[in-house]
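Data block below; observations after.
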Amino acid sequence: MTNARPGASSREHATLAAINLTKKAAAKQPFLFQMKSFQDYFNTGCERIENRKVYSEDCAIGILRPSTLWGNDGDGNFYISGPGGISRASSNDPDSFWSSLIAAKAILFGTKKEIEQCLRHLDDESTSRTSSFLMSTSENCGDFLAKIRRLHSSRALILGCGGIGSLAAINMAGAGVKHLHLIDGDVIEPSNMNRQFFWTPKDKGRKKVEILQREIKIRYPETECSASDEFISEDGIKALAKNFDILLLTADEPLGLGASLAELPNLAVAGGGYFHQYISFGVNESRLPDTEPIAWQRTPFFVGPSFGPTNTELAGVLSSFSIQFLAANPEKRSTEAFTSFWNASEFPRNIALTTKNHDH
């Protein structure tokens with residue numbers, strides 16, 4: 001008897017029940033099977049995988065998660081790697097193969113309608129790669145589709161469009177966030193060219209948000225991208241932020257701006273920056289325990305340590321958090337304040353974390 005894993009869904013139980021029928025049917029006739037490739041099992045028994053769809057008893061019950069991997073060790077052991085981990089199966093036992101798919105969470109279960117909608121996202125080359133990632137983190141087809149809907153309806157405010165903010169904005173649009181507003185009064189200058197990749201020396205003197213807005217519209221014409229090409233007061237930012245779901249804060253003026261903005265209710269404020277060779281990234285940082293305030297100022301001879309890879313790294317962390325925050329079920333979104341801190345010159349990374357209750 002094949003047993004479902006603890007907490008298995010009704011669909012998983014149904015699949016395993018069908019597998020049992022397959023095994024019993026196979027026992028009634030001579031069966032000799034040595035698996036040579038993953039495809040060898042696609043049409044074995046009552047279960048099959050066809051054009052990504054997983055069938056049981058000729059009924060579509062889900063899709064093979066697109067990031068699934070398979071392998072064998074040459075000793076008769078077959079492996080499935082899915083979002084749930086790596087599961088081993090016998091190479092001559094179909095029952096073991098299907099059980100391993102389920103154990104590795106390689107099947108994204110769903111209704112017939114949900115399955116067709118998921119496949120459309122995978123078949124569209126403009127959405128397939130983001131969809132594959134989100135499917136890896138989704139409970140089922142319905143959960144994935146809900147994430148896509150939330151991304152499309154979310155509104156993100158990006159304050160600061162230099163080396164970090166410009167890359168974060170492109171990542172947000174590329175992942176399917178359809179409503180962006182950019183704020184930056186700064187103009188393009190030669191010192192930007194080592195880390196800000198969407199303008200050229202010919203754009204010198206033009207507003208950063210003007211060029212960034214143009215580049216987003218070229219790449220993602222369905223994205224609604226508005227912009228403010230001036231420096232806005234703190235009160236003005238607070239008033240504007242009330243219309244958004246998240247604020248990505250990468251502006252470097254004035255120093256300490258994030259502390260007051262993070263006090264806004266019903267808004268996640270995610271921000272990051274760098275000083276010397278260090279990187280910091282945090283969410284709702286003003287909600288952390290108070291520390292002794294220091295009013296920092298730049299020296300007259302200050303030159304920012306704006307190292308291109310540091311900007312790129314931080315932009316990736318910032319946009320990844322923001323995209324996954326917006327995609328999540330609002331009832332399950334974590335609003336816990338934290339700050340993370342690491343040395344960009346050290347490998348491997350050793351990340352220090354401060355939360356409301358602990359230092360790590």
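- Taking the six-membered ring for Trp and the full ring otherwise, Phe78 and Trp70 have centroids separated by under 6.0 Å.
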Q | Criterion side-chain hydrogen bond (donor to acceptor under 3.5 Å, both in side chains) on Tyr79 and Asp73, from CA distance to verdict | A | CA-CA 8 Å; Tyr79 298 85; Asp73 58 11; 3.0 Å; yes
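- Residues Leu167 and Phe198 have side chains in contact (heavy-atom distance under 4.5 Å, counting atoms from C-beta outward).
- In this structure the side chain of Arg65 never reaches within 4.5 angstrom of the side chain of Ile107, judged on heavy atoms.
- Side chains of His179 and Phe244 form no contact here, defined as non-hydrogen atoms less than 4.5 Å apart.
- Cluster membership for Phe338 and Leu248, using ILVMFWY side-chain heavy atoms within less than 4.5 angstrom, is shared.
- At least one side-chain heavy atom of Phe97 sits less than 4.5 Å from a side-chain heavy atom of Ile80.
- When only modelled atom types and interatomic distance are considered, Asp124 and Ser126 share a side-chain donor-acceptor pair under 3.5 Å.
- Between the side chain of Thr200 and the backbone N or O of Lys202, at least one donor-acceptor pair lies under 3.5 Å.
- Aromatic ring orientation, Tyr278 versus His276: perpendicular (interplanar angle above 60°, classes split at 30° and 60°).
- Under a 3.5 Å cut-off, the side chain of Arg333 and the backbone N or O of Ala328 do form a donor-acceptor pair.
- Residue Leu159 is tested with Thr250, Asp184, Ile183, Val269 for a side-chain contact (heavy atoms from CB on, under 4.5 Å); the sole match is Ile183.
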Q: List the steps and the verdict of salt bridge (Lys or Arg N to Asp or Glu O under 4.0 Å) for Glu222 and Lys178.
A: CA-CA 7 Å; Glu222 295 181 358; Lys178 299 296 186 183; 3.7 Å; yes
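- Results of the side-chain contact (heavy atoms from CB on, under 4.5 Å) test with Asn171 over Ser322, Ser319, Ser166, Ser320 single out Ser319 as the only residue that passes.
- In this structure, the side chain of Ser56 does not engage the main chain of Cys59 through any donor-acceptor pair within 3.5 Å.
- Ring-centre distance between Phe144 and His121: below the 6.0 Å cut-off.
- For the pair Tyr220/Val177, no side-chain contact is recorded, criterion being any heavy-atom separation below 4.5 Å from C-beta on.
- In the hydrophobic cluster analysis, where Ile, Leu, Val, Met, Phe, Trp and Tyr join through side-chain heavy atoms closer than 4.5 angstrom, Ile351 is grouped together with Ile164.
- The cationic group of Arg349 lies under 6.0 Å from the six-membered ring centre of Phe347 and within 45° of the ring axis, placing it in a cation-pi geometry.
- Open room surrounds CD on Glu139; 12 or fewer heavy atoms of other groups in view lie less than 6.0 Å from it.
- Side-chain N/O atoms of Ser228 and His181 include a donor and acceptor closer than 3.5 Å.
- The main-chain N or O of Glu331 is found under 3.5 Å from a side-chain atom of Asn329 such that the two form a donor-acceptor pair.
- Within the 3.5 Å criterion, the main-chain N or O of Ile63 finds no donor-acceptor partner in the side chain of Lys53.
- Inter-residue side-chain proximity for Gln117 and Lys113 is flagged as met; some heavy-atom pair is nearer than 4.5 Å.
- Side-chain atoms of Asp203 and Glu210, non-hydrogen and from C-beta on, never get closer than 4.5 Å to each other.
- For the residue pair Lys147 / Thr137, a side-chain donor-acceptor distance below 3.5 Å is found, with atom types taken as modelled.
- Taken together through direct or relayed side-chain contacts under 4.5 Å among Ile, Leu, Val, Met, Phe, Trp and Tyr, Phe197 and Val187 form parts of separate hydrophobic clusters.
- Counting only heavy atoms from C-beta outward, the side chains of Thr68 and Ser81 never approach each other to under 4.5 Å.
- In terms of modelled atom types and a separation under 3.5 Å, the side chain of Arg219 and the main chain of Glu215 share a donor-acceptor contact.
- Side-chain contact annotation: Trp342 with Glu313, donor-acceptor N/O pair under 3.5 Å present.
- Looking only at distances, a side-chain donor or acceptor of Asp245 sits under 3.5 Å from a matching main-chain atom of Arg155.
- In the hydrophobic clustering of ILVMFWY residues, with side-chain heavy atoms under 4.5 Å counting as a link, Leu318 and Leu353 come out together.
- Counting only N and O atoms by type, the side chains of Ser132 and Ser67 include no donor and acceptor under 3.5 Å apart.
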